[in-house]
Asker: 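Please see the structure below; I have some questions.
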Amino acid sequence: MQTFKRKIAAVLAPHAGLTEEKLAAALETPPDAAMGDLAFPCFALAKTLRKAPQAIAADLAPHVRGLDFVEEVQVAGAYLNVRLSARAVASEVLPRIRRDGIAYGSQPARGERVVVDYSSPNIAKPFSIGHLRSTMVGHALVEHLKHLGYETVGVNHLGDWGTQFGMVMAGFKLWGDRPLERVDVRYLLDIYVRFNKEAKDDKALEELAREWFRKLEGGDAEARKLWEVFREVSLEEARRIYARLGVEFQHYTGESFYNDRLSDTIARLKQAGLLVESQGAQVVDLEAHKLPPCLIQKSDGATLYATRDLSAAIYRVETFQPARVLYVVGAPQKLHFQQFFLVLEKLDPAWAGKFVHVDFGHYRLAEGKMATRTGNVVFMEDVLDRGVEMARQIMEQAQRGGDLEEGQDAQVCEQVALGAIVFGDLSNDRVKDVVFDWEKALDFKGDTGPYVQYTRARIASILRKGGVEAPESADWSQLSTPEEKAVMMLLLKFPQTVEAAAAALKPSFTANYALDLARAFGRFYNLHPVLKSEPAVRDARLCLSAAVGTVLAIALRLLGIPVPERM
RNA sequence: GCGCCCGUAGCUCAAAGGAUAGAGCAUCGGUCUUCGGAACCGAGGAUACGGGUUCGAUUCCUGUCGGGCGCACCA
């Protein structure tokens, strides 16, 4: 796409009084393919050229008309509409995808590192559907950034410290009826829920929880032992889920990791003259930014969330020397991030803009807020398991023509379930809240992950049945239908889509692109036979199909969704 | 009370300041002796409300209403 835009810009720029870069950037896609493939709106030039925009468009038209890849130029009002020749588009994009393969749309290493902090579940609580967004948005961003030449460091900032551990420890000591070796997360959850319930009427329990947490901080052997076991069994579940989701982290540095750095951080803040005392606590005043103060140290001397986050941020900058640090954390914590980013900036002005909060809307239940405390949660593992079950049902009903080999079913069901769940999560703009709905989360029809996977699997099937590799090249003039053209225009658009997704930190761009491409291909192959066409047409269509298969596979990979060959 | 986010079709969501606001689900009607029907085609149906900026606003600014979230010793 850039190639065509640049060439058009080169001939138009001198006559439009714009730089080539600006002109190329102004080129857009018309709303209807019948109008053309690229459009240049002339409104903005009316002032500088002191001419009616329609007249400008008419004046510019002849310059584009001469280009060899241009099939037709039309002036529609103030728009200059350009139709590219299908042959030119095909010879531009199909060989490139063939050559680049899964690297299509990628960029060379740029020697910049990005730390991505994502997933970060709270330990001692089960992994809920609420953790899916951070996990998959973070993973998708990592994949996008890698594709675009960044080096990424995935960090799982486990919530493995804090008073909630005090609650579980206190609860376990009070009611625990299992040996330590036999506790698992759900058992811990029961304790946690019961503790919260009883603490409502019994204030002494809260004090007990605080006391256990103090013991833990003080290095008490028993508290330490409990903490280690609770942490490990929770992590076990999380790792199981990450394995299913195909998510990996370079570092599992949780909050506890920073415990021995907290005093340094506080000293550093003090040295910078940022700490002031307020109501017995140590805070950084942010009045000048019209924000509430950032609490660093409690009146009893204990540290807080912000202290640990500051320590982690400093550690990351010093250890990884990243260009940016992304925090994929829910929108409710926005204020917290604003505050502690400002503190970082005060500590070192060069850090301004280095830290980014990638916020997202939360999952809610139709019945109300999701909260582990009340036991009002949907477990991630249940969603995955039910997804697999539903995939199996659909697979059994489907008339698939016996294309699946023995023993593949289980794996495919898992892959398709993931496709439904993960794609459903990523295809929506991350800033919006989501009301969790079983039917919607496990939808396999229409605008869904399975639809994209299905289209890709059908392409794989066609290529298998063809019994031949798609040829390296073909007579591109055979790709003459509007459906083929539409598909190719989308293929051309893929690289800029990935860039836009990475720039906006919104994997939903890529997800929606994948749907568009799958739909466009669906139209094409329902209307035009590939294998049954005459050899020249067949070869060209095989190339086109292979290219779509490649791009869909890349898109799915960028989203962290498996790509089944058959389903 | 103050602050942030979100209001688009019956429902769930799209839309790089651009042309006639697109999909899916659901509903109704079609394709089908098929390269695998988790498919394809068609129909109806929408920008919460009022100002402003702009040649042009779903998009930017502002006010109202509605929903969500947050606002000091939790994370």
Side-chain angles (χ1 to χ4, degrees), chain A residues 25 28-32 35 39 41-44 46-47 53 76-79 81 120 122 159 161-164 255 278-283 290-300 302-306 308-309 329-336 338 359 361-362 364 369 391 394-395 397-404 416 419-420 424 427-429 431-435 437 439-440 443-448 450-451 453-455 457-459 461-466 496 500 503-504 508-509 511-512 515-516 519 522-533 538 541 545 566-567:
Chain A
E28 50 192 55
T29 307
D32 184 343
M35 299 175 184
C42 299
F43 304 102
K47 262 184 200 157
Y79 287 94
N81 288 334
S120 309
N122 282 326
W161 205 251
T163 352
Q164 83 262 23
E255 294 181 47
S278 169
Q279 297 171 35
Q282 295 293 315
V283 308
K290 296 196 160 95
L291 290 177
C294 184
L295 243 67
I296 303 297
Q297 195 169 26
K298 299 202 255 185
S299 43
D300 67 1
T303 57
L304 286 139
Y305 187 25
R308 274 186 276 279
D309 267 349
V329 180
Q333 295 191 41
K334 207 165 190 167
L335 177 59
H336 162 72
Q338 279 179 352
D359 64 335
H362 266 204
R364 287 181 294 135
K369 200 170 168 175
I394 291 173
M395 197 182 273
Q397 288 163 11
Q399 308 157 9
R400 282 172 298 115
D403 197 23
L404 258 186
V416 174
S427 60
N428 293 340
D429 191 329
V431 305
K432 304 207 176 180
D433 286 345
V434 180
V435 175
D437 176 63
E439 238 169 81
K440 231 198 133 230
D443 195 0
F444 296 77
K445 288 197 189 71
D447 277 353
T448 63
Y451 171 67
Q453 291 173 314
Y454 174 79
T455 305
R458 290 291 305 271
I459 292 170
S461 168
I462 290 172
L463 295 175
R464 271 196 306 273
K465 291 237 166 68
Q496 76 200 55
S508 57
F509 287 10
N512 287 314
L515 283 177
D516 285 345
R519 238 192 323 265
R523 286 201 185 102
F524 156 69
Y525 89 105
N526 268 282
L527 216 52
H528 308 292
V530 176
L531 298 174
K532 291 179 182 170
S533 306
R538 189 201 62 185
R541 288 183 176 165
S545 304
R566 311 159 200 251
M567 59 189 275

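The chains referred to below are lettered A, B, ... by the order of the sequence lines, with proteins before strands, and numbering in each begins at 1.
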Asker: Check every strand shown and say whether A/T163 touches a base, only sugar-phosphate, or nothing at a heavy-atom separation below 4.0 Å.
Answerer: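 Here A/T163 touches the backbone only, sparing every base.
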
Asker: Counting just side-chain N and O atoms, does A/R364 come under 4.0 Å of either OP1 or OP2 of B/rG67?
Answerer: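 Answer is no, no contact under 4.0 Å.
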
Asker: Under 4.0 angstrom, heavy atoms only, what part of the nucleic acid is A/Q279 near: base, sugar-phosphate, or nothing?
Answerer: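 Result for A/Q279 = base.
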
Asker: How would you label the contact of A/D429 with the nucleic acid (heavy atoms, under 4.0 Å): base, sugar-phosphate, or nothing?
Answerer: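 Answer is sugar-phosphate: A/D429 comes under 4.0 Å of backbone atoms only.
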
Asker: B/rG36 phosphate, OP1 or OP2: any side-chain N/O from A/R566 under 4.0 angstrom?
Answerer: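 For B/rG36, neither OP1 nor OP2 has a side-chain N or O of A/R566 closer than 4.0 Å.
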
Asker: So what does A/V283 hit on the nucleic acid, given a heavy-atom distance under 4.0 Å: a base, only sugar-phosphate, or nothing?
Answerer: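 Base contact.
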
Asker: Which whole-number value in Å describes the distance from A/N526 CG to B/rG42 P?
Answerer: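 Those two atoms, CG and P, are 12 Å apart.
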
Asker: Please lay out, stage by stage, how A/R566 and A/S461 fare under the test side-chain hydrogen bond (donor to acceptor under 3.5 Å, both in side chains).
Answerer: CA-CA 7 Å; A/R566 311 159 200 251; A/S461 168; over 6 Å; no

Asker: Can you see if the side chain of A/K432 gets near the phosphate of B/rG68 - specifically, an N or O under 4.0 Å from OP1 or OP2?
Answerer: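 Result: no.
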
Asker: With sugar-phosphate meaning primed atoms plus P, OP1 and OP2, does A/K290 contact a base, only sugar-phosphate, or nothing at under 4.0 Å between heavy atoms?
Answerer: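 No contact.
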
Asker: Applying a 4.0 Å non-hydrogen cut-off, can you work out what A/P332 is touching in the nucleic acid: base, sugar-phosphate, or nothing?
Answerer: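 It contacts sugar-phosphate atoms only.
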
Asker: For A/Y451, answer base if it contacts any base atom (sugar-phosphate contacts may also be present), sugar-phosphate if it contacts only those atoms, and nothing otherwise; contact means non-hydrogen atoms under 4.0 Å.
Answerer: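 Touches sugar-phosphate only.
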
Asker: Is a donor-acceptor pair below 3.5 Å formed from side chain A/S278 to base B/rA72, judging by atom type as modelled?
Answerer: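 Such a pair exists between side chain and base.
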
Asker: With sequence neighbours excluded, tell me which residues meet side-chain hydrogen bond (donor to acceptor under 3.5 Å, both in side chains) with A/K334.
Answerer: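 A/K334: side-chain hydrogen bond (donor to acceptor under 3.5 Å, both in side chains) contacts with A/D359.
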
Asker: For A/N428 and for A/A39, locate the closest nucleotide of RNA chain B by heavy-atom distance; then report the residue assigned to the nucleotide nearer the 5' terminus.
Answerer: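 Whichever sits nearer the 5' end wins; that is A/N428.
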
Asker: Run the side-chain contact (heavy atoms from CB on, under 4.5 Å) test on A/D309 and A/E255 for me, step by step, so that the C-alpha distance in whole Å, both residues' side-chain angles and the decisive distance to 0.1 Å come before the verdict.
Answerer: CA-CA 8 Å; A/D309 267 349; A/E255 294 181 47; 5.9 Å; no

Asker: At under 4.0 Å, does any side-chain N or O of A/R523 touch on OP1 or OP2 of B/rC41?
Answerer: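 Affirmative; the distance criterion is met.
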
Asker: Whole Å only: how far is the CD atom of A/Q164 from the P atom of B/rC74?
Answerer: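 For the pair A/Q164 CD and B/rC74 P, the rounded distance is 12 Å.
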
Asker: Check every strand shown and say whether A/P53 touches a base, only sugar-phosphate, or nothing at a heavy-atom separation below 4.0 Å.
Answerer: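 Result for A/P53 = nothing.
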
Asker: Judged by each residue's nearest nucleotide on RNA chain B, which is more toward the 5′ side, A/K334 or A/G522?
Answerer: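 Here A/K334 is the residue nearer the 5' end.
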
Asker: Between A/K440 and A/D443, does any side-chain N to carboxylate O distance fall below 4.0 Å?
Answerer: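 No, A/K440 and A/D443 are not salt-bridged.
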
Asker: Classify A/E439 by what it touches in the nucleic acid, base, sugar-phosphate, or nothing, heavy-atom distance under 4.0 Å.
Answerer: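 Here A/E439 touches no strand at all.
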
Asker: Please pick, from B/rA38, B/rG68, B/rC71, the nucleotide with the shortest atom-to-atom distance to any side-chain atom of A/P450.
Answerer: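 Among the listed nucleotides, the one closest to the side chain of A/P450 is B/rA38.
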
Asker: Indicate, with a heavy-atom threshold strictly under 4.0 Å, whether A/N122 touches base, sugar-phosphate, or nothing.
Answerer: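 Contact class for A/N122: sugar-phosphate only.
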
Asker: Distance check needed: B/rC41 P versus A/H528 NE2, whole Å only.
Answerer: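 It is 11 Å, rounded to the nearest whole Å.
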
Asker: Under the 3.5 Å rule, do the base of B/rA19 and the side chain of A/N81 count as making a donor-acceptor pair?
Answerer: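 Yes, a donor-acceptor pair under 3.5 Å.
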
Asker: In dot-bracket form, 5' to 3', how is RNA chain B paired? Count Watson-Crick and G-U wobble pairs only if both distances fall under 3.5 Å, and write | where the partner sits on another strand.
Answerer: (((((((..((((....[...)))).(((((.......)))))....(((((..]....))))))))))))....

Asker: With a non-hydrogen cut-off below 4.0 angstrom, is A/L335 in contact with a base, only sugar-phosphate, or nothing?
Answerer: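 Contact class for A/L335: sugar-phosphate only.
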
Asker: Would you mind reading off the distance between A/D359 atom CG and B/rC6 atom C1', rounded to a whole angstrom?
Answerer: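 Distance, rounded to whole Å: 12 Å.
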
Asker: Any sub-3.5 Å donor-acceptor pair from A/N81's side-chain atoms to A/A39's backbone N or O?
Answerer: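 Not at all, since once roles are kept as given, no pair shorter than 3.5 Å links the two residues.
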
Asker: Set out, in order, the CA-CA distance, both residues' side-chain angles and the distance that settles side-chain contact (heavy atoms from CB on, under 4.5 Å) for A/K445 and A/Y451, then state yes or no.
Answerer: CA-CA 6 Å; A/K445 288 197 189 71; A/Y451 171 67; over 6 Å; no

Asker: So what does A/A281 touch, heavy atoms closer than 4.0 Å: a base, only the sugar-phosphate, or nothing?
Answerer: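 Base contact.
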
Asker: Is there side-chain contact between A/V416 and A/Y454, with at least one heavy-atom pair below 4.5 Å?
Answerer: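 Not in contact.
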
Asker: Below 3.5 Å between N/O atoms, which protein atoms pair up with nucleotides 53-55 of chain B? Just atom names and distances, please.
Answerer:
from: B/rC55; atom 1: OP1; to: A/K47; atom 2: NZ; distance (Å): 3.0

